[in-house]
Amino acid sequence: LGNIILTDYLEFRWYIDGDIRLKARLGTATKDGKIKQDAGGIEAVTELFDGFLAHKAKGAGTPKELATHMAKLAHIIRNLIINTFESEGAAGSLHSQLEAFRDNLIPDLKTEQFADMYAQTIAYGLFAARCTIPDKKDFTRFDAAINLPKTNPFLRKLFQYIAGYDLDDRITWAVDDMAQILAQADMAGVLESFGKYSGKEDPVVHFYETFLQAYDPKMREMRGVYYTPIPVVSYIVRSIDHLLKTKFNKPKGLADENTLILDPATGTATFLYMVINEIYQAFAGQEGMWNDYVAEKLLKRIFGFEILMAPYAIAHLKLGLQLEKTGYKFQSDERLGIYLTNTLEEAFKKSEKLAGFNEYIVDEANAAAEIKKEKPIMVVLGNPPYSGISANASVQIVIDPKTGKTKKEVTWIGKLIEDYKVIDGQPLNERKHWLQDDYVKFIRFGQWRVEHTGQGVLAFITNHGYLDNPTFRGMRQSLIKTFTDIYILNLQGNSKKKETTPE
C-alpha cells in the first residue's frame with residue numbers, strides 16, 4: 001500500500017511507498033497502567049492525519065507500473081477474501097459462490113484458487129472497464145459495473161454480482177483503492193502501448209506477465225503461463241493456413257467459413273490474435289466486406305478455453321481491441337468465443353434452470369461444453385502448459401454414494417491417457433509413466449477432438465520429451481495411427497539433454 005498509517009493507538013507512523021514520512025505520539029503508558037499525554041501530541045497527530053488524507057498517490061504512467069500496482073492490491077484482496085470466507089460460516093455468500101463454481105466449472109476448485117479467481121475478476125473487471133472509458137477521471141467500481149465490454153458477458157455479470165453494491169465491507173476498501181489507482185493512471189499512454197504490437201513482442205501479454213509475476217510467481221509456474229514468441233506463433237498459424245489450402249481442399253484456408261478453430265489453452269489469446277490477423281490480411285483490397293464477414297462467418301467459429309481469470313479477461317480485451325482497430329463494430333448482443341473452463345474436464349451440459357449467480361456460470365459452462373463435445377472443431381492450436389506435476393489429475397478421490405467410503409476414480413482425461421499406455425493392443429506394464437505432464441494431456445485432448453470431427457489439424461508448441469523417451473512409445477504409436485501426416489520442428493533446446501541449436 002502506497003499510503004499507510006501503522007499505529008498502536010498511542011504512536012502513529014505514516015509511510016509513503018514504504019518510507020517513513022512522519023511520526024507522532026498522543027501519549028506514553030506509565031508503569032501504573034495509565035497514559036501520560038505528550039505535549040503537543042494531539043496537534044502532531046492531527047498534522048499527520050491531515051497529510052495522510054491529503055496525499056495523492058502517484059499515477060501509473062506505464063503498463064508495467066500499472067500492472068505492478070494492480071497485482072499488489074489484488075494480492076491483498078485475495079487474502080481478505082480468504083479471511084472473509086473463513087469467518088462467514090457455511091451459509092455465507094462466498095461459500096455459495098464457491099459451490100456454484102465447483103458444480104459448473106471447476107469441480108476441484110480449492111478455497112485459495114477461488115480467492116485468486118475472485119481477486120482477478122475484480123482486478124481485470126476494473127481494468128477492462130477502465131479501458132472503455134480512459135478519459136473518466138473520477139472512475140469508480142460502480143462505473144466498472146456499467147462499462148465492462150459487452151463482448152464478455154460472463155465477466156460483466158460476474159463483476160456486477162461480486163463487486164457491485166453488495167460487496168462485503170471487509171473487501172470494499174481495497175477494491176476502491178484499485179479503482180482509484182486506475183482513475184489516476186495514464187490510460188491513454190497504457191492503451192497506446194497496447195497498440196504497439198510488433199513482430200517480436202506483445203505488450204498486452206507483457207502486462208499480464210508482469211501482473212502475474214508480482215501477484216503470484218508460483219501460480220504462473222504451476223499453470224505453465226509463459227510468453228509465446230510471436231515469430232513461432234506466426235509460423236504455426238501460416239503453416240495451418242497452407243495445409244488447409246493444400247491438404248484439405250479449402251482454398252480460403254483459415255478464412256474458410258466452415259472451418260472451426262479452437263485454442264484449448266488460450267491464455268492471452270496470442271494464437272487467436274494471429275489467426276484473425278492472417279484472415280484479415282486475406283481481405284486486402286476488400287475491406288468493405290470485412291464487417292459482414294466478422295459478424296456472420298468469423299465470430300461463430302473461433303473459440304478459446306482458459307481456466308485462469310486474468311488471462312481470460314485479457315484475451316477478451318485483446319481480441320476486442322484488435323477487431324475494433326480493423327474497423328469492426330460490435331453489435332450489442334455479440335460476444336467473443338473465449339470461455340472460462342477447464343479443457344481437460346469432461347464436457348457435459350446442465351439443463352436445469354438456475355437463478356442469479358448460478359445462472360451466469362451454467363450459461364458459460366454449457367456454451368464451453370457444446371464447443372468441446374458437439375461442434376465440428378477442425379483446427380486445434382496453441383501453446384498448452386508444460387507442468388510435470390499436473391494441476392489436472394488423472395485420478396481423483398470420490399465418495400461412493402452407496403457405501404459413503406472414499407475410492408479412487410479415473411478422470412475423463414485420465415481415461416484418454418490410458419490409450420497411451422498400450423502398444424500393439426498390449427499394455428506396456430511399466431510401473432512409472434511420464435504421461436502426466438499437462439502438455440501430454442493437451443495433445444491427447446487435441447487428438448481426441450480431431451478424431452471426433454473426422455479430419456483436421458493439431459498444431460501445438462510443446463515439450464519434446466515424447467519424441468524419443470521410451471515411456472512415450474504408446475503415445476507415438478497412437479499419434480501415428482490417428483494422423484496421416486505429422487510435421488515436427490524440433491528446436492533441440494533441452495537443457496537436460498545438454499542440447500544446443502546449430503547456431
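Keep in mind the model is a prediction, meaning the values are calculated, not measured.
By the 4.5 Å heavy-atom criterion applied to side chains, L416 and I413 are counted as neighbours. Side-chain atoms of T341 and I307, non-hydrogen and from C-beta on, never get closer than 4.5 Å to each other. Side-chain contact between K325 and Q322 is absent, with no heavy-atom pair separated by less than 4.5 Å. Looking only at side-chain heavy atoms (C-beta outward), V440 and I417 come within less than 4.5 Å of each other. In this structure, F127 and L182 have side chains that are in contact, with non-hydrogen atoms separated by less than 4.5 Å. For the pair I261 and V380, the minimum side-chain heavy-atom distance is 4.5 Å or more. Inter-residue side-chain proximity for P264 and F460 is flagged as met; some heavy-atom pair is nearer than 4.5 Å. For the pair T270/I230, a side-chain contact is recorded, criterion being any heavy-atom separation below 4.5 Å from C-beta on.
Applying the salt bridge (Lys or Arg N to Asp or Glu O under 4.0 Å) test to pairs two or more places apart or on separate chains, those with a residue in residues 174-184 are R141-D176. Sorted by first then second residue, the salt bridge (Lys or Arg N to Asp or Glu O under 4.0 Å) pairs that include residues 61-77, not counting sequence neighbours, number zero. Residue pairs meeting the ring pair (Phe, Tyr, Trp, His ring centres under 6.0 Å) criterion with at least one partner in residues 131-156, sequence neighbours excluded, are F142-Y165. Counting only residues at least two apart or in different chains, ring pair (Phe, Tyr, Trp, His ring centres under 6.0 Å) contacts with residues 61-86 comprise H75-Y215, F85-H95. Within the structure, no pair that satisfies the salt bridge (Lys or Arg N to Asp or Glu O under 4.0 Å) test touches residues 290-308, not counting sequence neighbours.
Centroid-to-centroid, the aromatic rings of F49 and F12 come within less than 6.0 Å.
One finds the CG atom of L22 at 5.0 Å from the CG atom of L48 (value rounded to the nearest 0.5 Å). If you take CG on L94 and CD1 on I81, they are separated by 7.0 Å, rounding to the nearest 0.5 Å. Atom CG of L272 and atom CD1 of I302 lie 6.5 Å apart (nearest 0.5 Å). Here the straight-line distance linking atom CZ of R78 with atom CD1 of I76 works out to 12.5 Å at 0.5 Å rounding. In this structure, L344 CG and D438 CG are separated by 6.5 Å, a value rounded to the nearest 0.5 Å. Atom CD1 of I171 sits about 6.5 Å away from atom CD1 of I122, to the nearest 0.5 Å.
Closest approach of F330 and G320 over heavy atoms only: CE1-O, 4.0 Å. Contact between I236 and A459 at its shortest, heavy atoms only, is CG2-CB, 3.8 Å. Taking every heavy atom of both residues into account, S87 and R170 meet most closely at OG-NH1, 3.0 Å. In terms of heavy-atom proximity, D263 sits nearest to G382 at OD1-CA, 3.8 Å. Here the closest heavy-atom approach between residue I461 and residue N383 is recorded as O-OD1, 3.4 Å. Nearest approach of I82 to A115, heavy atoms of both residues: CG1-CB, 3.5 Å.
Other residues, nucleotides and ligands contribute at most 12 non-hydrogen atoms within 6.0 Å of the CD1 atom of I42.
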Taking it one step at a time, do H55 and I16 satisfy side-chain contact (heavy atoms from CB on, under 4.5 Å)? CA-CA 9 Å; H55 176 72; I16 293 179; 3.6 Å; yes

I'd like to know whether Y328 forms a ring-ring contact (aromatic ring centres under 6.0 Å, His included) with W290, so could you lay out the CA-CA distance, the side-chain angles of the two residues, the decisive distance to 0.1 Å, and finally the verdict. CA-CA 7 Å; Y328 181 67; W290 177 246; 7.8 Å; no

Trace of the salt bridge (Lys or Arg N to Asp or Glu O under 4.0 Å) decision for E334 with K329: CA-CA 10 Å; E334 283 183 323; K329 303 297 182 186; over 6 Å; no

Evaluate the side-chain contact (heavy atoms from CB on, under 4.5 Å) criterion for residues L126 and F159: first the C-alpha distance (whole Å), next the side-chain angles of each, then the deciding distance (0.1 Å), finally the verdict. CA-CA 9 Å; L126 288 169; F159 185 88; 3.8 Å; yes

Run the numbers on F271 and T266 for side-chain contact (heavy atoms from CB on, under 4.5 Å), then give the verdict. CA-CA 7 Å; F271 275 87; T266 199; over 6 Å; no

Using the rule given for side-chain contact (heavy atoms from CB on, under 4.5 Å), can you reason through M274 versus N277, listing the C-alpha separation, both sets of side-chain angles and the distance that settles it, and then say yes or no? CA-CA 5 Å; M274 294 305 293; N277 188 59; 4.3 Å; yes

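Considering only residues two or more places apart in sequence or on other chains, W448 meets the side chain to side chain donor-acceptor pair (under 3.5 Å) condition with none of them. Taking the side chain to side chain donor-acceptor pair (under 3.5 Å) definition, one finds that R13 meets it with E11, sequence neighbours left out. Scanning for salt bridge (charged side-chain N to carboxylate O under 4.0 Å, His left out) contacts around R21 gives an empty result, with sequence neighbours left out. Taking D38 as the reference, nothing meets the salt bridge (charged side-chain N to carboxylate O under 4.0 Å, His left out) condition, with sequence neighbours excluded. Taking the side chain to side chain donor-acceptor pair (under 3.5 Å) definition, one finds that K136 meets it with D138, sequence neighbours left out. Considering only residues two or more places apart in sequence or on other chains, Y118 meets the ring pair (Phe, Tyr, Trp, His ring centres under 6.0 Å) condition with F114. Residues meeting the side chain to side chain donor-acceptor pair (under 3.5 Å) test with S234, sequence neighbours left out: R238.
Panel note: side chain Q120, backbone L308; no donor-acceptor pair is recorded below 3.5 Å. Distance alone, capped at 3.5 Å, places no donor-acceptor pair between the N366 side chain and the D363 backbone. With K36 contributing its side chain and A29 its backbone, the two residues share no donor-acceptor pair below 3.5 Å. Not one N or O on the side chain of R130 forms a donor-acceptor pair closer than 3.5 Å with the backbone of G125. Put simply, the side chain of E99 never gets that close to the backbone of S96: no donor and acceptor are under 3.5 Å apart.
Geometric assessment of K372 against the ring of F305 yields a positive cation-pi assignment under the 6.0 Å and 45° thresholds.
With hydrogens and angles left out, the side-chain atoms of Q184 and K137 include no donor and acceptor closer than 3.5 Å. Of the N and O atoms on the side chains of N152 and Y312, at least one donor lies less than 3.5 Å from an acceptor on the other residue.
Taking a cutoff of 4.0 Å between a charged side-chain nitrogen and a carboxylate oxygen, K415 and E346 do not qualify as a salt bridge.
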